[in-house]
There are 2 protein chains.
Amino acid sequence: MSSPRITLDRSSPVPLYFQVAEQLERAIVSGEIGAGERLENEITMAQDLGLSRPTMRQAIQVLVDKGMLVRRRGVGTQVVHGQVRRQVELTSLFDDLAAAGQHPRTTVLEQLLVPADEQVAEQLQVDLGEPVWSLRRLRFIAGGEPLAVMHNYLPSSIVDLGDVDLEAQGLYSYLRDAGFVIRVARQSIGARGVRPVEARLLREEVDAPLLTMQRTAYDNLGRAVEFGRHAYRPGLYSFDVTLVDR
Amino acid sequence: MSSPRITLDRSSPVPLYFQVAEQLERAIVSGEIGAGERLENEITMAQDLGLSRPTMRQAIQVLVDKGMLVRRRGVGTQVVHGQVRRQVELTSLFDDLAAAGQHPRTTVLEQLLVPADEQVAEQLQVDLGEPVWSLRRLRFIAGGEPLAVMHNYLPSSIVDLGDVDLEAQGLYSYLRDAGFVIRVARQSIGARGVRPVEARLLREEVDAPLLTMQRTAYDNLGRAVEFGRHAYRPGLYSFDVTLVDR
DNA sequence: GAGTGGTCTAGACCACCGG
DNA sequence: CGGTGGTCTAGACCACTCT
């Protein structure tokens, strides 16, 4: 039965439930609360912190959703076994790698307006043939090895990529700066053989397998903001997903 | 501004927030509430249904977590654009396909106790060399085409696979029947070239790309129940994931 | 300023689990 | 049976967005 020390700052703009969730998460990843260990019950924890029970529950729910805690009615809440993996999050590969301490380099191969093909039109909810930004980039990891070919499409009606330097910053980072709040993304992950052009860019053999990802991202207005077709070298990248039953 | 008709059954054991979420989801999927359309505000909806606002919020939150709704403070709640895709859920491939109306056939290639190798021992939290169930299966889609080679490992200390017919039912279905409640699973999705044995089983060319998935599943006690290394034919299968920022 | 979602409180009753 | 999480109520104040 574990009860890590948690401190609250009621003058902070950070919500109380989030402060609690953050500190609980730190206690779990640091090992202060070990795998399989049980937490103090919700009501006691709430009282100890001077919080109401719903607020305490909200804090715990955050970690349940991350797959770090498991609740059982009548029994209690405990830490899931197994090492904690970093989650796939709503960032581009650039931010992903930057966060992981890598220093990714990017080459822009193409950045221009093209007419939307059928799939792009459908995904971005624009008319067939309507001009959309086409952005093809080659991404390298720290050592200079090519990692991925990324092809993004953005509706020209809501984004202007004309003057943006996407070798200096990631696409998602730019979109955030431009005021887009990405809330939802739908990804489909598959595999296929490398194509000749890609083989040259990625320095792969013919017949090499590639990991592919298609993604459509939506902002907080529900609009499709970006659609991408990407190909990764499978030795250098994989997608980690945590599924939680609720 | 849309307000679908929702009926509540207060005598039902199904939670009220869930009844609301279900009916809202149906209204969205069916198109009764169109993409981009705004919902009535939380307080009004709650009053109309005779619910408290927190309960109404909980119902909406379910659909926000599924990536179907987007909330904006000061503005409202609206339906995300784009067609709704079926989610990856905590079921085995068998259940997945069965639910999709396919009738998968399965051949068990191997079902015996083996000593845990390093990766299995780590994932299942058992000692190196400890006996674990090794289950190798070949899965076919309706037409008889081979779809995937699946290799699962289960700790013999908590599961007994000695007498189980896993050609008749899926692994996850069996685990549920045996009292295991799978709550969390961590998956890693990648790609690689087909191996000779697999090529024969899956009727693929040499050098064909395969989609791979490793998964460790945990039950509601936080214990690792199953670890699997699987390979899929990419033309026949892909992983669809919805990411939601919260 | 009016309207929205975001957070928080202080209770209540219930369903389920274990001893 | 006692203890736990699951659900639900009826409010409150705040932050943000739009007009």
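Chain letters run A, B, ... following the sequence lines, proteins first and then strands; every chain starts at 1.
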Figure out the [atom1]/[atom2] separation between [X] and [N], and round it to whole Å.
X: A:R73; N: D:dT7; atom1: CZ; atom2: C1'; result: 8 Å
X: A:Q58; N: C:dT9; atom1: CD; atom2: C1'; result: 12 Å
X: B:R57; N: C:dC8; atom1: CZ; atom2: P; result: 11 Å
X: B:Q78; N: D:dC18; atom1: CD; atom2: P; result: 11 Å
X: A:N220; N: D:dT17; atom1: CG; atom2: C1'; result: 11 Å
X: B:D219; N: C:dC17; atom1: CG; atom2: C1'; result: 15 Å
X: B:L69; N: C:dT4; atom1: CG; atom2: C1'; result: 15 Å
X: A:Q47; N: C:dA10; atom1: CD; atom2: C1'; result: 12 Å

Please tell me if [X] has a side-chain N or O lying less than 4.0 Å from either OP1 or OP2 of [N].
X: A:S52; N: C:dG11; value: no
X: A:T77; N: D:dG5; value: yes
X: A:R10; N: C:dT9; value: yes
X: B:Y17; N: D:dT7; value: yes
X: B:R72; N: D:dC16; value: no

Open item on the list: Please determine whether salt bridge (Lys or Arg N to Asp or Glu O under 4.0 Å) holds for the pair B:D240 and A:R215, giving the CA-CA distance in whole Å, both sets of side-chain angles, and the decisive distance to 0.1 Å.
Closed with: CA-CA 10 Å; B:D240 291 349; A:R215 165 164 62 186; over 6 Å; no
Open item on the list: Going by salt bridge (charged side-chain N to carboxylate O under 4.0 Å, His left out), name the residues that satisfy it together with A:R38, two or more places apart in sequence or in a different chain.
Closed with: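 Here no residue qualifies.
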Open item on the list: Restricting to non-hydrogen atoms, name the atom on B:R53 and the atom on B:E42 that form the minimum distance, rounded to 0.1 Å.
Closed with: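 Distance-wise, the nearest heavy atoms are NE-OE1, 2.9 Å.
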Open item on the list: Show the nearest heavy-atom pair for residues A:S134 and A:H151, with the distance to one decimal.
Closed with: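 That closest heavy-atom pairing would be OG-NE2, 2.8 Å.
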Open item on the list: Please compare A:M56 and A:V75 by the position of their nearest nucleotide in DNA chain C and report the one closer to 5'.
Closed with: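 First, find each residue's nearest nucleotide; the 5'-ward one identifies A:M56.
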Open item on the list: Categorize A:P13 for me: base, sugar-phosphate, or nothing, with a 4.0 angstrom heavy-atom threshold over every strand shown.
Closed with: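 Counting heavy atoms under 4.0 Å across all strands, no contact is made by A:P13.
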- [ ] Please confirm whether the backbone N or O of A:P155 pairs with a side-chain atom of A:E226, one donor and one acceptor, at under 3.5 Å?
- [x]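 Pair absent, no side-chain N/O of A:E226 close to backbone of A:P155.
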Task: B:T44 side chain to B:E40 backbone, donor-acceptor under 3.5 Å - done: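 It does not hold such a pair.
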TODO: Output all residues satisfying side-chain contact (heavy atoms from CB on, under 4.5 Å) with A:V64, sequence neighbours left out; order by chain, then residue number.
DONE: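 With neighbours one apart ignored, the set is A:I60, A:Q61, A:L69, A:R71.
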- [ ] For DNA chain D, determine which residues of residues 34-43 of chain A have any heavy atom closer than 4.0 angstrom to one of its atoms, and list them numerically.
- [x]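 Result for residues 34-43 of chain A: A:N41, A:E42, sorted by number.
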Open item on the list: Quick check for you: among C:dT7, C:dT9, D:dA15, whose closest atom lies nearest to any side-chain atom of A:T55?
Closed with: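 Looking only at heavy atoms from C-beta outward on A:T55, the closest nucleotide is C:dT9.
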Open item on the list: I'd like to know if B:R53 reaches the base of C:dG6 with its side chain, counting only an N/O donor and acceptor under 3.5 Å.
Closed with: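 Side chain to base: pair present.
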